[in-house]
Structure formats: C-alpha cells, structure tokens
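In this text, all values refer to a predicted model and were calculated from it rather than measured experimentally. Proteins come first, then strands; the chains are lettered A, B, ... in the order of their sequence lines, and each starts at number 1.
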Number of protein chains: 2
Amino acid sequence: MSQTPLPNEQLADALMTTSFITMAMINRIGAEHDLSLSMIRVLGILWDRRLRMTELAGYLGLEKQTMSGLIARAEKRGLVARAPNAEDGRATDVFLTDAGTELVKRLQAQGQEALTPLIGKLGESDQQHLQELLERMLKDWKG
Amino acid sequence: MSQTPLPNEQLADALMTTSFITMAMINRIGAEHDLSLSMIRVLGILWDRRLRMTELAGYLGLEKQTMSGLIARAEKRGLVARAPNAEDGRATDVFLTDAGTELVKRLQAQGQEALTPLIGKLGESDQQHLQELLERMLKDWKG
DNA sequence: TATTGTTATACTCTATAACTATA
DNA sequence: TATAGTTATAGAGTATAACAATA
C-alpha cells in the first residue's frame, strides 16, 4: 500500500531561504562591480562556453532583445566580444574577453569568501556532507 | 600544529549553483504574477512583520527612495498598505493587505511545487538530512 | 541639525512590436 | 516563409540629489 510521496515542504523552504541569503550576498558583490544578477549570470554561463545570442537568451530565460541590450552593455565595458557565427550567417557568437574572464574569477572568489561565515556555522564533517548532498542533487540537472 | 581551516570552496560553489537555479524558478513564478524578485522579497519580509519604510529598505539593502517606488507600486496593486507610525510622526508603517497575504501563501506553495523535481533527485533519507543541515546552517543567521 | 519619507532625474533591465538580413 | 539579431518604445527597479515635514 504505497502512497505518492508528499513533497518535502520544509526542505523546499530551507532551500528558498538559503537562496535568498546567497543571492543577496552575490547581489551586493555584483553592485561593487556595477553588475546586476543577470549580468553575473551571463558572464558565468560564458565562462566555459561560446554561445549564440539566442542560445544565451535561452539559458537565462530572457527574450533575445533583452540579451541584445545586456551584451551591448557588457561589450561596451570590454567584458565580452561578439563575432559572426561561422556556419550561420544570421547568427552572432558571444564569448568572454580576457578582462571578462578575470572578472568572473574575481567574482567567484568573492562569493566563496562571502559565504564562509554562513558555511562556518557547520562543522567540517557537516560541511562535507552538505556539499555531497547538494552536488548529488545538482548532478545532471538541466537548469 | 593546527592551521586556519580553509574555506570550503566546493561547498560555496554548490550553494551558489543551487541558489541560481532556485532563484531562476522563483523568478519565473514571480513573472507569472508580474512580481520581481525584489517585490517578492518585500512581500515575504512583511509576512510576519509591520515595518517602517527605512527598516524595510534596510532588510533588502536598498535605498529608501527605491523602497518608496516599490511600495507605491505594491500599494497601487492592493498588496500592501501604508499607515502613519504611532510613535514617530515622520515615519510610515507598511504591512500586507489580505490580498498580499494570500499572494504570499500562493507564491510559497508554487515555490515548493517547483522545487519538488530537484529535491526528488535525492532519496527520502537524504532529503531529511539535507533539510537538517540547511536548517542548522540558517539558525540564528542575521541575514 | 538630524532623520523620515517623497519627488526629480538618469541608467539598467525587461518585454512587446517592428525592422533587416540570412536561411 | 521562418529564424537571428537589432532598434524603438514603455514600464519596473535602482541610485544620486534635492526637498518637505517632523524630531
């Protein structure tokens, strides 16, 4: 006599609270560099990828026109560059410049630093366990 | 011979990735209701509190003028209300209306539902453990 | 004088609509 | 005809600056 498992509401709430706190930290760090959360996401996604405008918009769930504006501003600041796509004459590739790559490294380091006090509320063994659980949850997630 | 514990960089990265995924879900849910992440935070904070404009701005790390605009739009939509503060003639209290309270309940339920597939990647025992670790990490956090 | 809040202004972010160029 | 991208426009979100009212 099995029943459909109820969603773990308390876990969902804890994830949402954790995420709001983490996002507030990332938002604050971004503000120091005049970067919005969307711009940080764009740069982060481009870390190990060269994408077309439409693909990039798809990753972020934004309209292509919105991406045009974001990329135009990022390009103006020298963080990304655009180049015509080799296969499709209509498409434009976007990728990080060296300055953009350095900035992403910096942001990641600052994010790690900012999270240290929160993480430090757990002992080393619990930290290890939390890391494993999160990584298992994220594995192969198509988000 | 002890050494200063290094910050757990992999855990920090997992928290940031989890948060970006969770925020994307919440952002999508908010969009269905024409609510930005900031507006959702405002409504969420007012869930169990009646706050003055400046206090509210402090919670979100925003300037008071920004909060004036957010609250003006929320008030126009009937989600919050303003009233003069009893003790300080300069201050204005903000609180949820009944419609605002209903909306927050709805948003929380939708958030729980949206997170179910992600949470479901872990077994019940792991879910329970993850919840405990997150709650222990969040306990008494002044964020 | 200092604090609380609003208004004025400017820029970023976002979507809808219209357009150009290529497939 | 459909798709990729940009430009035009409008509204929300944000900060800096200036202001009115109260402490």
Looking at residues at least two apart in the chain, or sitting in another chain, which of them share a side chain to side chain donor-acceptor pair (under 3.5 Å) with B/Arg106? none

Does any residue of residues 96-108 of chain B have a heavy atom under 4.0 Å from DNA chain D, and if so, which ones, in number order? none

Indicate, with a heavy-atom threshold strictly under 4.0 Å, whether B/Asn85 touches base, sugar-phosphate, or nothing. nothing

Counterpart residues, side chain to side chain contact (heavy atoms under 4.5 Å, CB included), relative to A/Ala86 (two or more places apart): none

In residues 69-77 of chain A, what donor-acceptor pairs under 3.5 Å come from side-chain atoms, sequence neighbours left out?
unit_1, atom_1, unit_2, atom_2, d
A/Glu75, OE1, A/Arg82, NE, 3.1
A/Glu75, OE1, A/Arg82, NH2, 3.0
A/Arg77, NH1, A/Asp34, O, 2.7
A/Arg77, NH2, A/His33, O, 2.9

Quick one: CD1 on A/Ile21 to CE on A/Met23, what's the gap to the nearest 0.5 Å? 12.0 Å

For A/Glu63, all residues meeting side chain to side chain donor-acceptor pair (under 3.5 Å), sequence neighbours excluded: none

Candidate nucleotides D/dG5, D/dA23, D/dG13, ranked by approach to the side chain of B/Asp88 - the nearest: D/dA23

Output a table of nitrogen or oxygen pairs between the protein and nucleotides 1-3 of chain D separated by less than 3.5 Å.
unit_1, atom_1, unit_2, atom_2, d
D/dT3, O4', A/Arg90, NH1, 3.3
D/dT3, O2, A/Arg90, NH1, 3.0

Choose from D/dT6, D/dG13, D/dA4 the nucleotide whose nearest atom is closest to any side-chain atom of A/Arg82. D/dT6

Please list all pairs meeting side chain to side chain donor-acceptor pair (under 3.5 Å) that have one or both residues in residues 12-21 of chain B, counting only residues at least two apart or in different chains. A/Thr22-B/Ser19, A/Gln108-B/Asp13, A/Gln112-B/Asp13

Applying salt bridge (charged side-chain N to carboxylate O under 4.0 Å, His left out), name anything that partners B/Glu32, two or more places apart in sequence or on another chain. B/Arg28

Near-strand residues of residues 61-81 of chain A, defined as heavy-atom separation under 4.0 angstrom from DNA chain D: A/Lys64, A/Gln65, A/Ser68

Quick one: list whatever passes side chain to side chain donor-acceptor pair (under 3.5 Å) with B/Lys64, sequence neighbours left out. none

Partner set under side chain to side chain donor-acceptor pair (under 3.5 Å) for A/Glu135, not counting sequence neighbours: A/Gln131

Sorted by chain and number, sequence neighbours left out, salt bridge (charged side-chain N to carboxylate O under 4.0 Å, His left out) with A/Glu55 holds for none

